[in-house]
Amino acid sequence: MVEQNLRPKPKPKPSKLHADVEEKANNNEKHLNKSTLGLCDQIEKLAFRKRYQEALELFEILEIEGGHEITNRTYDALVNACIGSKSIRGVKKVTNYMFNHGFELDQYMSNRVLLMHVKCGMLIDARTLFDEMPHRNLVTWNTMIAGVVDAGDFIEAYRLFLMMWSESCEADSRTFATMIRATAGLGLIYPGKELHSCVVKMGDSDDVYVACSLIDMYSKCGSIEDAQSIFDAMSEKSTVGWNSIIAGYALHGYSEEALSLYYEMQDAGVPMDHFTFSIVVRICARLGSLEHAKQAHAGLVRHGFSLDTVANTALVDLYSKWGRIEDARNVFDRMHNKNIISWNALIAGYGNHGRGEEAVELFEKMLSQRMRPNHVTFLAVLSACSYSGLLDHGWEIFESMSSIHNISPRAMHYACMIELLGREGLLDEALALIRDAPFEPTINMWAALLTACRFHKNLELGRFAAEKLYGMGPEKLSNYVVLLNIYNSMGKLEEAASVIHTLKQKGLRMLPACTWIDIKKQAHAFCSGDDSHEMTKEIYQRLDELLLEISKHGYSPEARYLLPDVDKKEEQMLLYHSEKLAVAFGLISTPDYMPLQLMQSHRICNDCHNALKLIAKVTEREIVVRDASRFHRFKDGDCSCGDYW
DNA sequence: GTAGGGTTAG
């Protein structure tokens, strides 16, 4: 494989190309303003200044000119240039040149060449080089293992690690840092703990890299306590250490704690990097606190990371989730380097706001810029079509996945299409799509059909879908709730009761609905049936007024969606709950759990939707609420996300 | 004498 790469290629024709290259050489020399320097020196200098692309361009000139003696130093610079610019073409050219000129690789240079392949993602060639290497030292092994871990092949990393141990009985802190990363990737805490004790035995536990990978491993494997104690024990807490522990708390859902750790980091005077801001922006998105988010955005700009792709993508996502799609667009448009994740974030943003046309437009713009979509892109654009009822676009895009983009639709894409067809009432087509899928239909696909059946009151097909759903593990509460709601809405109370019986038998419990709102940085939480808030009386009074007022505008709660065995008092609780509570405060609410009848999909139900429209109208306010998947902005009795029920 | 390691976004 490598031999093939190293085989000499026909020399380029001298004519025009040569002229071009000479022109370039002249320009470069002018640019460098050191025309007296030899090409090798220039390459080394360019690589040192991180002008990798230019270094490689000069190397091409050197190749054509011929007759240059290349030393270790220049090859070293070229390796850096290839790694820095992630140029596969460069790697091939440099290795070809070495091979053609009979350059003898010592241990150092072999390791560098291996690294160059690894860092440019050429894992197959790297592995061949590795396997054919006459001598491997610690650095060789570490380089290869890190490459395999980077590629996500954690099991292979383990295999290599065991081979390394049996061959040489040596491993150092770098090996362990990498292997701990591998166990984090596998999500396995026991091998992680074993490596941890090895590290302690070898006296490497003070190593800052080891500590950081341990923090990350423990938090990714579920033990934030262990992560915390590693962090506490760090004698010198580095930026990465702080980043890792903050990300750890965020991962475990402790967003407030994560944010206060970030402020602690700030107070401790630890320099923050673009990782810090990417993590913090994400936390703000989750917290739903625009105030903190704005501060994070400002901090990011102030610290000079306003060009960072990851942090900006997190901002695009944050503003989208906050219903500020124009702000999201603004950040997006200013980004210098957009990758597929950035595009996906904005497309999903438009989709979640019911602005399907714009999502499709953006998707097409992306294609015209030769950005290659991936399966997440299709998920975003298809669900955008689904929310906005764009049937034709949906079909066209779904079919283009395999025919044009060579991406096989996964179950989630099918589920989106089933939802789209179902919403438009094309239940037979939806069923046909399930039957035509080239794999076993999944829970989500049947559940999408079931939801559609509920809306269009097709009991027969609904029951069929429900039967398919039953017995498909892992059983999800939400599927039972869909079925329950179907029976309820059709007045089939006996069947509904039997679903509840099944639920109880299986020990599946519905969580009480819970809503919270941020008022002056203080969170107020309200659970269903909970009257512990000190202003409960005032809140309910205001709610009564509002309910009375909106009922004059034609609002009537759809009690038939409620469970048959809830008593009157509970019914009141349910109707009073959620967004309405927050609205009583006249503020924006950020509910996490929806009232019971919303559990099926964690989305705002018809009932709440109507109520919120009317409340927006009678209070003459703009109301923004978020359910599990998107924002709904109510203004003058209209909802900007579109009616999808 | 030179090389290899940790944290982020959809």
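The figures that follow rest on heavy atoms only: side chains count, while hydrogens, waters and symmetry mates do not. Chain A is the first sequence line, chain B the second, and so forth, proteins listed ahead of strands; every chain is numbered from 1.
Remark: the A/S213 side chain and the B/dG5 base include no donor-acceptor N/O pair separated by less than 3.5 Å. Not a single donor-acceptor contact under 3.5 angstrom links the side-chain atoms of A/N142 to the base of B/dA3. One cannot find a donor-acceptor pair under 3.5 Å joining the base of B/dA9 and the side-chain atoms of A/D308. Between the side chain of A/D207 and the base of B/dG6 there is no donor-acceptor pair of N/O atoms closer than 3.5 Å.
Every salt bridge (Lys or Arg N to Asp or Glu O under 4.0 Å) that A/D333 has, sequence neighbours left out, goes to A/R329. Evaluation of the ring pair (Phe, Tyr, Trp, His ring centres under 6.0 Å) rule for A/H393 yields no partner, not counting sequence neighbours.
What separates CZ of A/R181 from C1' of B/dG5 is a distance of 7 Å, to the nearest Å. One interatomic measurement links the two molecules: NE2 of A/H274 to P of B/dT8, which rounds to 11 Å at whole-angstrom precision. Straight-line distance from the CZ atom of A/F305 to the C1' atom of B/dT7: 13 Å, rounded to whole Å. Rounded to whole angstrom, the span from the CG atom of A/N137 across to the C1' atom of B/dT2 amounts to 12 Å. Distance, A/F130 CZ to B/dG4 P: 16 Å, rounded to whole Å. Summarising the geometry, the separation between CE on A/M179 and C1' on B/dG4 is reported as 15 Å, rounded to the nearest angstrom. Residue A/M371 contributes atom CE, which lies 12 Å from atom C1' of B/dG10 at whole-angstrom precision. Rounded to whole angstrom, the span from the OH atom of A/Y218 across to the P atom of B/dG6 amounts to 18 Å.
Figure legend: A/R136 and A/F130 shown as a cation-pi pair, the cationic atom lying under 6.0 angstrom from the six-membered ring centre and within 45 degrees of its axis.
In this structure, A/K338 reaches neither bases nor backbone, as no heavy-atom distance under 4.0 Å exists between it and the strands shown. As judged by a 4.0 angstrom heavy-atom cut-off over every strand, A/N111 is placed among the base-contacting residues. Contacts of A/S244 with the nucleic acid, taken as non-hydrogen atoms under 4.0 Å apart, involve only primed sugar atoms and P, OP1 or OP2. Using a 4.0 Å heavy-atom cutoff across all strands shown, A/D76 reaches no nucleic acid atom at all. Using a 4.0 Å heavy-atom criterion, one finds that A/S238 contacts the bases of the nucleic acid, with or without backbone contacts as well. Within the nucleic acid shown, A/V118 has no heavy atom closer than 4.0 Å to any nucleic acid atom. As judged by a 4.0 angstrom heavy-atom cut-off over every strand, A/N374 is placed among the base-contacting residues. Using a 4.0 Å heavy-atom cutoff across all strands shown, A/L138 reaches at least one base atom of the nucleic acid.
For B/dG6, the OP1/OP2 oxygens have no side-chain nitrogen or oxygen of A/K220 closer than 4.0 Å. Applying the 4.0 Å criterion to OP1 and OP2 of B/dA9, one finds that A/R282 has a side-chain N or O inside that range.
Here the rule is side chain to side chain contact (heavy atoms under 4.5 Å, CB included) with A/S342, and of A/I340, A/N339, A/N344 only A/N339 fits it.
Using a 30° and 60° split on the angle between ring planes, A/F277 and A/H303 fall in the tilted class, from 30° to 60°. A/F161 and A/Y158 have perpendicular rings, their planes meeting at more than 60° on a 0 to 90° scale where under 30° would count as parallel.
Taking OH from A/Y52 and CG from A/L46, the interatomic distance works out to 11.0 Å, rounded to the nearest 0.5 Å.
Aromatic stacking of A/Y209 on B/dG6: not satisfied for centres closer than 5.5 Å together with planes under 30 degrees.
For residues 155-176 of chain A, proximity to DNA chain B is found at A/D172, A/S173, A/R174, defined as any non-hydrogen atom under 4.0 angstrom from a strand atom.
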